[in-house]
Amino acid sequence: MTGEPWAGWYRDRAGSVAVGITTDGQRLRTRIRGVDFEGDSFDALEPVEWEGGGGSAIFALSDGGSLCDCILEWDTPIPVYADGRVHRATLSCLLTLGRPLPTGGLDREHLALTLHFDGAAYESERAENDFEHALTVIQRRLPEGAYMRACISCAFSDYHPAGSGLFGNLACFRRIKDEYRAIEGERELLRLWDLRSGFVQETWACADFERRPAEGAGYRGPFPYVRAGAGELAASGERTVRAAPSSAVG
């Protein structure tokens, strides 16, 4: 996938401005009102430096120094495989970052995604907490046989058992494909964790992409993960909800 800029908008109490977002599959970069921001996730965009000082008066920042109390909206291209070939689709993203809480974190963090593909729009729920679940909802709504050709659906990606976060905490195991294919649970994943190639973004893709299989799919299982009733979950040990920490797991 190319690093072409994503067109978008930034909105806060001071108004709205057009922005461009760039990424290399791991790091996000954007410029807002003349200030450069970088981060590993959309809820971790921090100013690179203030030009002339007084930056805290221009933007709302969390206790950790990242953008908050604002809305980010952007479109990113994402390939979709269907009917024997790869199509170009567009993922429209809307993220609301709330105000800082005295105890840390934000009072809300709502994500809504819409995939525009082949003349139709496939939506996530309107108040998602992370890209993993939002993209899972969209994948379930795609026509039979169609799938997003991105890291979220790759055979060599997985999340740490501690959680996924909002975006960009997807570990890549493309350099140890055979070892990763052989894991069957949390313990095996943790043994390989330090051998990962790094973290990748759910909407990214590289030349090593292979579709995630329906069975034997690492720790997190197939994508989208299979729904099951309470009894089935107890028997299989499958997880349908994962905690979402505010920072990446190292």
Side-chain angles (χ1 to χ4, degrees), residues 3-78 90-116 121-135 137-138 152 163-170 199 201-204 243-248:
E4 59 188 276
W6 305 337
W9 289 88
Y10 169 86
R11 301 198 295 274
D12 62 13
R13 297 176 186 277
S16 302
V17 291
V19 297
I21 301 170
T22 60
T23 182
D24 56 6
Q26 296 180 316
R27 192 83 173 158
L28 297 164
R29 297 175 178 85
T30 189
R31 171 170 283 201
I32 306 171
R33 298 183 186 130
V35 178
D36 292 324
F37 287 82
E38 291 186 9
D40 296 329
S41 177
F42 290 100
D43 59 354
L45 291 172
E46 299 180 0
V48 176
E49 62 181 12
W50 296 119
E51 297 179 2
S56 59
I58 304 175
F59 301 99
L61 300 179
S62 68
D63 289 343
S66 57
L67 276 176
C68 64
D69 198 13
C70 63
I71 296 174
L72 283 167
E73 187 172 3
W74 70 97
D75 289 340
T76 178
I78 187 167
T90 298
L91 186 68
S92 295
C93 312
L94 179 64
L95 175 65
T96 300
L97 297 173
R99 299 178 183 178
L101 292 170
T103 54
L106 305 179
D107 63 1
R108 66 190 183 282
E109 190 168 299
H110 293 164
L111 173 71
L113 304 180
T114 302
L115 181 69
H116 301 275
Y122 302 91
E123 298 182 342
S124 70
E125 305 301 333
R126 294 192 177 276
E128 300 282 10
N129 294 317
D130 56 59
F131 273 76
E132 180 195 10
H133 187 263
L135 292 172
V137 172
I138 289 175
I152 186 66
S164 61
L166 173 69
F167 180 76
N169 289 337
L170 188 60
F199 292 102
Q201 297 163 354
E202 287 81 352
T203 54
W204 192 256
S246 59
S247 60

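As the structure is a prediction and not an experimental result, all values here were calculated from the model. In this chain, numbering begins with 1 at the start of the sequence shown.
Looking at Glu202, its side chain does come within 3.5 Å of a backbone N or O of Gly168 through a donor-acceptor pair. A donor-acceptor contact shorter than 3.5 Å links the side chain of Ser124 to the backbone of Leu113. Side chain of Gln26 to main chain of Phe199: a donor-acceptor pair is present (N/O by atom type, distance under 3.5 Å, no hydrogens or angles).
When each of Asp43, Leu45, Asp12 is paired with Leu97, the side-chain contact (heavy atoms from CB on, under 4.5 Å) condition holds for Asp43 and for no other. In summary, of the residues considered (Leu28, Leu111, Asp130), a side-chain contact (heavy atoms from CB on, under 4.5 Å) with Phe167 occurs for Leu28 alone. When each of Thr76, Thr114, Asp75 is paired with Ser92, the side-chain hydrogen bond (donor to acceptor under 3.5 Å, both in side chains) condition holds for Asp75 and for no other.
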Begin with the C-alpha distance, continue with both residues' side-chain angles, and end with the deciding distance and a verdict on side chain to side chain contact (heavy atoms under 4.5 Å, CB included) for Glu46 and Leu61.
CA-CA 8 Å; Glu46 299 180 0; Leu61 300 179; over 6 Å; no
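Rounding to the nearest 0.5 angstrom, the gap separating the CG atom in Leu95 from the OG atom in Ser41 is 8.0 Å. Interatomic distance, Ile138 CD1 to Glu125 CD, rounded to the nearest 0.5 Å: 10.0 Å. To the nearest 0.5 Å, atoms CD1 (Ile32) and SG (Cys70) are separated by 7.0 Å. Once rounded to the nearest 0.5 Å, the distance linking CZ of Phe37 with CZ of Arg31 reads 10.5 Å. A distance of 11.0 Å separates CG in Leu166 from CD in Glu128, rounded to the nearest 0.5 Å. The OG1 atom of Thr96 sits 9.5 Å away from the CD atom of Glu73 when rounded to the nearest 0.5 Å.
In this view, Asp107 and Arg99, Leu101 satisfy the side-chain contact (heavy atoms from CB on, under 4.5 Å) rule, not counting sequence neighbours.
Contact of the His110 side chain with the Leu94 side chain is not registered, since no non-hydrogen atoms from C-beta on lie closer than 4.5 Å. Looking only at side-chain heavy atoms (C-beta outward), Leu91 and Leu135 come within less than 4.5 Å of each other. Using a 4.5 Å heavy-atom cutoff, the side chains of Gln201 and Phe131 are not in contact.
Residue Arg33 qualifies as enclosed at atom CZ: its count of foreign heavy atoms under 6.0 Å is above 12.
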